[in-house]
Amino acid sequence: MSKSRKVIVSCALTGAIHTPSMSPYLPVTPDEIIAEGQRAVEAGAAILHVHARDPETGRPDQSVEAFARILPALKETGAVINITTGGSPFMDVSERAAPALHYAPELASLNMGSMNFGLYPMLARFPDLEQQWERDHLENSRNVIFKNTFEDIGFILDNGGKNGTRFEFECYDIGHLYSLNHMTKLKGLTGPLFVQSVFGLLGGIGGHPEDVQMMRRTADRLLGDRYQWSVLGAGANQLRIAAMSAAMGGHIRVGLEDSLWAGPGEKATSSAQQVLKVGEIISGLGLTIASPDEARDLLGLKG
Ligand SMILES: C[C@H](N)CC(=O)CC(=O)O
Ligand SMILES: [Zn+2]
């Protein structure tokens, strides 16, 4: 058994930010999302971060029924299933939390603060969006607040925690790490805390190396050895941020939810392509990609 450090690769398959006519490779239907999940796990992903969509329009769909069409097959892959509670920033918290509270997964995402969620700059990047709702989705982000109050966070922690679900704590800024530290104390949460630092989403922290170092240093100071650190870089930041994390003792999240790209101007043909690229970075640094069970051990998941 290799003694080199294990790096957990999470893969976010489709999300609720990107829309169908931005990329022909964005999975929309249940079959497409399932096939993408299977490919991502074959490529080395240990955790699948799952959103659902309406198969006709591609609109984000946070209903329990929509998840029923994808979860069983994704579970068959053996990967850790991480159900979103972020849904889309245009949804309210009870709608967003419903699937994770219903299916009691090993892992669910939990967003650690309210914030602006600027998607509208993508209007310039994608001038030929086919459906009106796609244009509205970006345009309306000028005035949306991704609401995650301490009460909302407490609601998801309490009700999800009852099911033995643990959390992917999405921290989009330094303040979110302080909120996480506060909530862990308030709720008596024990480690390992799975911290997912989000870089480069407009409204949160940028993707500069100093931002990455600042997040890491602050997490070390506040959370000490109670956490496992992972990163995701939005859009063109993805692979660069991933490489920094691997070199800084962290884990990595990729997938078409977070970035449609495989390189400058090159659309990724699947999330698996991004998983393979970070796999090369990981082995290039003499590290080893973690299996789903190794990820469960590292994160103290219920299995
Ligand atoms: C930047 C990512 N889309 C954040 C995310 O994945 C939120 C969630 O699903 O809870
Ligand atoms: Zn998500």
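The residues of the chain are indexed from 1 along the displayed sequence.
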Trainee: With a 4.5 Å cut-off on side-chain heavy atoms, are Leu223 and Leu180 touching?
Mentor: yes
Trainee: Using modelled atom types and a 3.5 Å cut-off, is there a donor and acceptor pairing between side-chain atoms of Asp173 and backbone atoms of Gly175?
Mentor: no
Trainee: Tell me, with the steps shown, if Thr29 and Asp31 meet side-chain hydrogen bond (donor to acceptor under 3.5 Å, both in side chains).
Mentor: CA-CA 5 Å; Thr29 68; Asp31 290 350; 5.5 Å; no
Trainee: When you group the ILVMFWY residues by side-chain heavy-atom contacts below 4.5 Å and let the links chain together, are Leu107 and Trp229 in the same group?
Mentor: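 No; Leu107 is not reachable from Trp229 via cluster members.
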Trainee: Can you check whether His18 reaches Met122 side chain to side chain, under 4.5 Å on heavy atoms?
Mentor: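 Sidechains of Met122 and His18: in contact.
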Trainee: Looking only at non-hydrogen atoms, find the nearest pair between Leu260 and Ser23 and report the distance.
Mentor: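 Where Leu260 meets Ser23 most closely, the heavy atoms are CD2-CB, 4.0 Å.
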Trainee: Among Asn148, Thr84, Thr85, which residue satisfies the side chain to side chain donor-acceptor pair (under 3.5 Å) criterion with Arg96?
Mentor: Asn148
Trainee: Please tell me if the side chains of Cys11 and His49 come closer than 4.5 Å, counting only heavy atoms from C-beta onward.
Mentor: no
Trainee: I'd like to know if Leu202 and Ile145 are part of one continuous hydrophobic network [Ile/Leu/Val/Met/Phe/Trp/Tyr, side-chain heavy atoms within less than 4.5 Å].
Mentor: no
Trainee: Does Lys75 pair with Glu106 as a salt bridge, N-O distance under 4.0 Å?
Mentor: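 No, this pair does not count.
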Trainee: Using the side chain to side chain donor-acceptor pair (under 3.5 Å) rule, pick out the option among Glu32, His51, Arg53 that qualifies with Thr14.
Mentor: Arg53
Trainee: Classify the ring geometry of His137 against Trp133: parallel below 30°, tilted from 30° to 60°, perpendicular beyond 60°.
Mentor: perpendicular
Trainee: Are any of the side-chain heavy atoms of Arg253 and Asp258 separated by less than 4.5 Å?
Mentor: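 Side chain of Arg253 against side chain of Asp258, heavy atoms only: contact under 4.5 Å found.
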Trainee: Using a cut-off of 6.0 Å, state whether more than 12 heavy atoms not belonging to Glu266 lie near its atom CD.
Mentor: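 Counting neighbours around CD of Glu266, more than 12 heavy atoms of other residues, nucleotides or ligands fall under 6.0 Å, so yes.
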Trainee: Please determine whether the number of non-hydrogen atoms from other residues, nucleotides or ligands lying under 6.0 Å from atom CD of Gln132 exceeds 12.
Mentor: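 For Gln132, atom CD is crowded (more than 12 foreign heavy atoms under 6.0 Å).
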Trainee: Which is it for His208 and Phe199 under the ring pair (Phe, Tyr, Trp, His ring centres under 6.0 Å) test, yes or no, and what are the steps along the way?
Mentor: CA-CA 8 Å; His208 189 281; Phe199 297 96; over 10 Å; no
Trainee: Take atom CG of Asp158 as the centre, draw a 6.0 Å sphere, and report whether it contains more than 12 heavy atoms from other residues, nucleotides or ligands.
Mentor: yes
Trainee: If only atom types and distance count, is the side chain of Arg142 paired as donor or acceptor with the main-chain N or O of Leu138 below 3.5 Å?
Mentor: no
Trainee: Ion pair present between Asp220 and Arg217, side-chain N to carboxylate O less than 4.0 angstrom?
Mentor: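 Not counted as a salt bridge, because no side-chain N and carboxylate O are separated by less than 4.0 Å.
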Trainee: Check whether more than 12 heavy atoms from other residues, nucleotides or ligands sit under 6.0 Å from atom CD of Glu95, and answer yes or no.
Mentor: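 More than 12 heavy atoms, drawn from other residues, nucleotides or ligands, come within 6.0 Å of this atom.
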Trainee: Determine the minimum heavy-atom distance between Ala290 and Lys6, stating which atoms define it.
Mentor: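 Answer, listing the atom of Ala290 first, then Lys6: CB-CB, 4.0 Å.
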Trainee: Mind checking the CD1-CD spacing from Ile70 to Glu36? Nearest 0.5 Å is all I need.
Mentor: 12.5 Å
Trainee: Could you walk me through whether Glu130 and Arg135 pass the salt bridge (charged side-chain N to carboxylate O under 4.0 Å, His left out) test, one step at a time?
Mentor: CA-CA 8 Å; Glu130 286 150 21; Arg135 294 187 286 275; over 6 Å; no
Trainee: So, taking the atom named CG in Asp211 and the one named CD in Gln213, what distance separates them when rounded to the nearest 0.5 Å?
Mentor: 9.5 Å
Trainee: What distance separates Met22 CE from Arg125 CZ, expressed to the nearest 0.5 Å?
Mentor: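 Between Met22 CE and Arg125 CZ, I get 10.5 Å after rounding to 0.5 Å.
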Trainee: Take Val80 and Leu301 through the side chain to side chain contact (heavy atoms under 4.5 Å, CB included) test and state the conclusion after the steps.
Mentor: CA-CA 9 Å; Val80 173; Leu301 301 179; 3.6 Å; yes
Trainee: Strictly distance-based, threshold 3.5 Å: is any side-chain N or O of Gln131 a donor or acceptor partner for the main-chain N or O of Thr57?
Mentor: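 Side chain of Gln131 to backbone of Thr57: a pair is present.
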Trainee: How many angstroms lie between OG in Ser141 and CZ in Phe117, if you round to the nearest 0.5 Å?
Mentor: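 Interatomic distance, Ser141 OG to Phe117 CZ, rounded to 0.5 Å: 9.0 Å.
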Trainee: May I ask you to check whether Phe67 and His102 place their ring centres under 6.0 Å from each other?
Mentor: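 No, the ring centres sit 6.0 Å or more apart.
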Trainee: Yes or no on side chain to side chain contact (heavy atoms under 4.5 Å, CB included) for Asp136 and Phe90, after CA distance, side-chain angles and deciding distance?
Mentor: CA-CA 11 Å; Asp136 297 345; Phe90 300 97; over 6 Å; no
Trainee: Tell me whether Arg5 contacts the main-chain N or O of Gly249 through its side chain, where contact means a donor paired with an acceptor under 3.5 Å.
Mentor: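 It does hold such a pair.
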Trainee: Salt-bridge test for Arg39 and Glu42: reply yes if a basic N is under 4.0 Å from a carboxylate O, no otherwise.
Mentor: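 No.
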Trainee: Less than 4.5 Å apart, side chain to side chain, heavy atoms only: is that true for Leu13 and Glu257?
Mentor: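 Not touching, per the 4.5 Å side-chain cut-off.
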Trainee: Indicate the atoms forming the closest heavy-atom contact of Gln196 with Ser230, along with that distance.
Mentor: OE1-OG, 2.9 Å
Trainee: Using the rule that two of Ile, Leu, Val, Met, Phe, Trp, Tyr join whenever any of their side-chain heavy atoms come within less than 4.5 Å, decide whether Val28 and Ile33 are in one cluster.
Mentor: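 Different hydrophobic clusters.
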Trainee: Closest approach of Val254 and Gln238, non-hydrogen atoms and distance?
Mentor: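 Residues Val254 and Gln238, closest heavy atoms: CA-NE2, 3.3 Å.
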Trainee: Is a side-chain N or O of Gln274 found less than 3.5 angstrom from the main chain of Trp261, in a donor-acceptor match?
Mentor: yes
Trainee: Give the cluster check for Met214 versus Met244: same hydrophobic cluster or not, with ILVMFWY residues linked at side-chain heavy-atom distances below 4.5 Å.
Mentor: yes
Trainee: Can you confirm whether Glu139 sits close enough to Tyr120 that some side-chain heavy atom of one is under 4.5 Å from a side-chain heavy atom of the other?
Mentor: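 Counting from C-beta outward, Glu139 and Tyr120 never come under 4.5 Å.
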Trainee: Would you find a donor on one side and an acceptor on the other, under 3.5 Å apart, between the side chain of Gln62 and the backbone of Ser88?
Mentor: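 Looks like no, no N/O pair under 3.5 Å.
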Trainee: Does any non-hydrogen side-chain atom of Phe146 lie less than 4.5 Å from one of Tyr172?
Mentor: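 A side-chain contact under 4.5 Å exists here.
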Trainee: Going through the checks in order, is the side chain to side chain contact (heavy atoms under 4.5 Å, CB included) test met by Met183 and Leu189?
Mentor: CA-CA 8 Å; Met183 292 306 283; Leu189 280 186; 5.8 Å; no
Trainee: Are Val198 and Ile174 joined in one hydrophobic group, where the rule is that I, L, V, M, F, W and Y side chains link up if heavy atoms are under 4.5 Å apart?
Mentor: no
Trainee: Tell me, with the steps shown, if Val7 and Thr288 meet side chain to side chain contact (heavy atoms under 4.5 Å, CB included).
Mentor: CA-CA 6 Å; Val7 178; Thr288 313; over 6 Å; no
Trainee: Looking only at atom types and distance, does a side-chain atom of Thr165 sit under 3.5 Å from a main-chain N or O of Pro105, one as donor and one as acceptor?
Mentor: yes
Trainee: Would you say the side chain of Ile241 lies within less than 4.5 Å of the side chain of Leu232, judging by non-hydrogen atoms?
Mentor: no
Trainee: Donor-acceptor check, side chain of Thr77 to backbone of Ala73, threshold 3.5 angstrom: yes or no?
Mentor: no
Trainee: Taking all atoms of both residues into account, what is the closest heavy-atom pair of Ala243 and Leu285, and its distance?
Mentor: O-CD1, 4.5 Å
Trainee: Using only atom types and a distance under 3.5 Å, with no angle test, would you say the side chain of Asn111 pairs donor to acceptor with the backbone of Gly113?
Mentor: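 No; zero donor-acceptor contacts below 3.5 Å.
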Trainee: Indicate yes or no for a side-chain donor-acceptor contact from Asn181 to the backbone of Leu177 under 3.5 Å, with no hydrogens or angles considered.
Mentor: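 Here the side-chain-to-backbone pair does not exist.
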Trainee: Looking at every non-hydrogen atom in both residues, tell me the closest pair between Arg166 and Thr190 and how far apart they are.
Mentor: NH2-O, 3.0 Å
Trainee: About how many Å separate CD1 of Ile252 and CD1 of Ile289, when rounded to the nearest 0.5 Å?
Mentor: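 It is 8.0 Å, given to the nearest 0.5 Å.
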Trainee: Does Gln273 form a side-chain hydrogen bond (donor to acceptor under 3.5 Å, both in side chains) with Ser270? I'd like the steps, not just the answer.
Mentor: CA-CA 5 Å; Gln273 186 184 11; Ser270 71; 5.3 Å; no
Trainee: How many angstroms lie between CG in Leu186 and CG in Leu157, if you round to the nearest 0.5 Å?
Mentor: 9.0 Å
